[in-house]
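So the structure is just underneath, and the comments pick up after that.
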2 protein chains.
Amino acid sequence: MTTQSLTRNQGLVFDVLSHAGSPLSAYSILDKLRDDGFRAPLQVYRALDKLLEFGLVHRLESINAFVACAHPDEGCHAHGLTAFTICETCGQVTEFHDHMIEDRLKGFAKDRNFKTGKTTIEIRGTCAGCA
Amino acid sequence: MTTQSLTRNQGLVFDVLSHAGSPLSAYSILDKLRDDGFRAPLQVYRALDKLLEFGLVHRLESINAFVACAHPDEGCHAHGLTAFTICETCGQVTEFHDHMIEDRLKGFAKDRNFKTGKTTIEIRGTCAGCA
DNA sequence: CAATTGATGTAATAACATTACATTCACATT
DNA sequence: AATGTGAATGTAATGTTATTACATCAATTG
């Protein structure tokens, strides 16, 4: 997935997320794109849906917000399970990948014949800089 | 924490969750408690806050819903990190605890001086019965 | 060109959660 | 019994997040 093949709206949303230092809600993305002609939440949600599908953006379930992927060139889907630390003070998000955890969760699911879809791992807390 | 020491509202909410076979949203809990005098969302949210604090109930971040803890007698806080599988077809939720994953996440956080607060692990997919 | 498919624009509404403020209850102290 | 305190409650209003419904537009293809 390259950033070239995005539509105008997808590109605008991705750009906003890429330049934000922290996660943004759909509505704050909307606010930032008013000048670019955005008027309704759906314009943002539709673009986000596609960006999520492409692996360019992640949704943080525990805070209802979105961040650009840390390595969008490959599309994050290449990296398997993605986990996050989220600083509740400054909003800093760190994305990481741990094969051991991934295997462990896969194993648990397999043992129970549970067919795994999307998996969420989010650690909320305080980052080193804010401690 | 015993179920005895709950207030009326807390007890009613816990009871509804305990007897539901799947996670419930705050508003669906509210609906089920209309006959018991519940009128406003806040009555539910306040009770849920306490039940979460006591470890009697879990919040599923990825679906904005709540479930009773699988072993409420001890209050789930006794068991360390809690993870869930959530069947998107039937709503069945399975709670589990994995020390290896817990240690791994703790280690990651420690390496980065990230002070861990609440951690969310949720696997959404399809359970054995629904496959 | 017609047909199809994906993207967009807009309005309305649904679903989830919190703020603000007044009141009541349980209980300890006097 | 009166008072003070903190926790819990009742109620209304509002804020935040997400979806449904429907019309239109643009690119592609048969």
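Predicted model only: the values in this text are computed from it and were never measured. A note on names: the letters A, B, ... follow the listed sequences, proteins ahead of strands, and every chain is numbered from 1.
- Residues A:I29 and A:L17 are in side-chain contact: their nearest non-hydrogen atoms beyond the backbone lie under 4.5 Å apart.
- Per the geometry, CD belonging to A:E53 stands 8 Å off P belonging to C:dA7, to the nearest Å.
- In this structure, B:S18 contributes its side chain and B:F14 its backbone to a donor-acceptor pair below 3.5 Å.
- Rounding to whole angstrom units, CZ of residue B:R39 and C1' of C:dT24 are separated by 17 Å.
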Under a 4.0 Å heavy-atom criterion, the protein footprint on nucleotides 22-28 of chain D, written with B, S and -, is -------
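- If you measure from atom CG of B:L52 to atom P of C:dA17, you get 11 Å, rounded to the nearest angstrom.
- Considering OG1 of B:T119 and CD1 of A:I86, their distance stands at 10.0 Å, rounded to 0.5 Å.
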What's touching nucleotides 5-8 of chain D from the protein side, N or O pairs under 3.5 Å?
{"from": "D:dA8", "atom 1": "OP2", "to": "B:K50", "atom 2": "NZ", "distance (Å)": "3.4"}

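- Contact check of residues 17-33 of chain B against DNA chain D (heavy atom, cut-off under 4.0 Å) returns no residues at all.
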Report task. Please report the C-alpha distance between B:L6 and B:F54 in whole Å, then the side-chain angles of each, then the deciding distance to 0.1 Å, and finally whether the side-chain contact (heavy atoms from CB on, under 4.5 Å) criterion is met. Result -> CA-CA 10 Å; B:L6 299 178; B:F54 299 153; 3.8 Å; yes
### Query
Can A:F66 and A:L52 be said to form a side-chain contact (heavy atoms from CB on, under 4.5 Å), step by step?
CA-CA 9 Å; A:F66 303 84; A:L52 289 165; 4.2 Å; yes
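- For B:H71, the side chain to side chain donor-acceptor pair (under 3.5 Å) criterion is met by B:H97, not counting sequence neighbours.
- Map B:F38 and B:P41 each onto its nearest nucleotide of DNA chain D; the residue landing nearer the 5' end is B:F38.
- Residues passing the side chain to side chain donor-acceptor pair (under 3.5 Å) test with A:K118 are A:E61, sequence neighbours excluded.
- Scored by the side chain to side chain donor-acceptor pair (under 3.5 Å) test, B:S62 finds B:E122, B:R124 as partners (sequence neighbours excluded).
- The list of salt bridge (Lys or Arg N to Asp or Glu O under 4.0 Å) pairs with a residue in residues 93-102 of chain A, not counting sequence neighbours, reads A:D98-B:R104, A:E102-A:K106.
- For A:D31, the salt bridge (charged side-chain N to carboxylate O under 4.0 Å, His left out) criterion is met by A:R34, not counting sequence neighbours.
- Within residues 58-66 of chain B, the residues having any heavy atom closer than 4.0 Å to DNA chain C are, in order of number, B:R59, B:N64.
- Every ring pair (Phe, Tyr, Trp, His ring centres under 6.0 Å) that A:F96 has, sequence neighbours left out, goes to B:F108.
- A:K32 pairs by the salt bridge (charged side-chain N to carboxylate O under 4.0 Å, His left out) definition with nothing, not counting sequence neighbours.
- Regarding B:Y45, its OH atom lies at a distance of 17 Å from the P atom of D:dG10, rounded to whole Å.
- With sequence neighbours left out, B:F84 forms a ring pair (Phe, Tyr, Trp, His ring centres under 6.0 Å) with B:H58.
- Side-chain N/O atoms of A:Q43 include none lying less than 4.0 angstrom from OP1 or OP2 on C:dT8.
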